[in-house]
Amino acid sequence: MPDDNFRPPFDSPGGWALARSAGASRSGRRAGAATESGPYSSSAARVLVVEDEADIAALVAYQLTREGFRVETAADSNQALSSIEREVPDLLVLDRMLPGVSGDEILRMLRKQPATRGLPVLMLTAKREQEDRIEGLELGADDYLTKPFSPKELALRVRSILRRVAQPTPEAGGRILRAGTLAVDVSAHSATLDGESLQLTPTEFRLLEALLERRGRTQSRRQLLERAWDVEPEAARRIHTRTVDMHVRRLRAKLGHAGRWVETVRGFGYRIRVPEGERS
């Protein structure tokens with residue numbers, strides 16, 4: 001049952017301007033924020049943990065704080081969206097089952113708004129069946145971790161997500177990857193199809209980049225996990241390869257007619273190949 005006191009995100013007169021300003025500040029912090037211990041210093045990465053179980057929220061906050069992140073917690077949707085309105089975080093750890101408005105609905109709303117469309121989201125939930133995982137990824141989550149969980153693994157996943165979505169400062173003459181009328185500007189972190197901008201999440205962008213870097217060549221799901229998710233081979237073995245399948249499905253949908261260029265190599269992985277008659 002929805003919360004009668006629920007307030008949609010950024011509905012105040014200056015809300016969207018504030019969120020966009022915060023998001024711009026967040027992107028600015030990403031550039032050049034790497035440290036020896038990881039891609040972010042404690043002053044650069046802010047993680048918002050949305051979890052209604054106080055002991056779990058405290059555990060997550062404790063582990064991430066130890067890792068050098070700035071952490072804020074929220075126990076329900078209103079607290080979460082108020083925090084995002086004040087300042088868009090660098091990453092959201094989101095429980096699916098919240099009182100009132102669910103984490104799923106929060107994610108749907110965030111993915112529809114320009115200011116938060118690219119916000120990295122790690123779902124942390126007790127919903128652990130394969131169908132639940134697929135549903136969470138299709139909603140737009142960048143990663144999915146089930147309870148009970150290892151706090152250290154959670155911290156590693158947070159760091160991995162932040163590392164792969166870090167945006168370099170655009171430079172003239174940046175690297176452009178192309179396939180037919182599809183183009184990816186790696187430096188500017190942008191993608192276009194038929195001259196129109198594509199609205200991709202950070203994970204979808206990295207996946208498309210990985211496929212285009214080896215255009216025409218088949219890559220296994222494990223290879224894509226290591227490249228697009230930027231994880232070590234050992235860590236890739238612990239992540240369900242179904243994660244790749246779900247993100248490929250979402251990427252194909254966003255590519256429209258070019259979605260068929262992302263081919264499935266049964267029993268192995270994926271490749272991107274443009275038919276002869278559609279090459280520019």
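Heavy-atom basis, side chains included; hydrogens, waters and symmetry copies ignored. Fair warning: this is a prediction, and the values are worked out from it, not measured in the lab.
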Intermediate values then yes/no, side chain to side chain contact (heavy atoms under 4.5 Å, CB included), His247 and Arg206: CA-CA 11 Å; His247 281 282; Arg206 291 282 300 196; over 6 Å; no
Does some side-chain heavy atom of Asp245 sit less than 4.5 Å from a side-chain heavy atom of Tyr270? yes
Using side-chain heavy atoms (C-beta onward) and a distance below 4.5 Å, is His257 in contact with Leu193? yes
Have a look at Thr116 and tell me which of Ile84, Ile106, Leu92 forms a side chain to side chain contact (heavy atoms under 4.5 Å, CB included) with it. Ile84
Under a 4.0 Å threshold between the charged nitrogen and the carboxylate oxygen, would [Y] count as salt-bridged to [X]?
X	Y	result
Arg96	Asp104	yes
Asp142	Arg111	yes
Asp95	Lys147	yes

For the pair [X] (side chain) and [Y] (backbone), establish whether a donor and an acceptor sit closer than 3.5 Å, ignoring hydrogens and angles.
X	Y	value
Glu67	Val158	no
Arg215	Arg178	yes
Ser82	Asn78	yes
Arg252	Val262	yes
Glu204	Leu200	no
Arg214	Arg271	no
Glu53	Asp55	no
Arg250	Leu137	yes

Is it true that, when you exclude Tyr62 itself, more than 12 heavy atoms of the residues, nucleotides or ligands shown sit nearer than 6.0 Å to its OH? no
Flag yes if more than 12 heavy atoms outside Arg66 fall under 6.0 Å of its CZ atom; otherwise flag no. no
Less than 3.5 Å apart, any donor N or O on the side chain of Thr181 or Asp194 sitting next to an acceptor on the other? yes
Using the side chain to side chain contact (heavy atoms under 4.5 Å, CB included) rule, take Val60 and Thr73 through it: C-alpha gap first, then chi angles, then the decisive distance, then the call. CA-CA 9 Å; Val60 174; Thr73 61; over 6 Å; no
Non-hydrogen atoms of Ala45 and Asp90 that approach each other most closely: CA-OD2, 3.3 Å
Stepwise, does the side chain to side chain contact (heavy atoms under 4.5 Å, CB included) test hold for Leu81 with Leu110? CA-CA 9 Å; Leu81 295 170; Leu110 294 177; 4.3 Å; yes
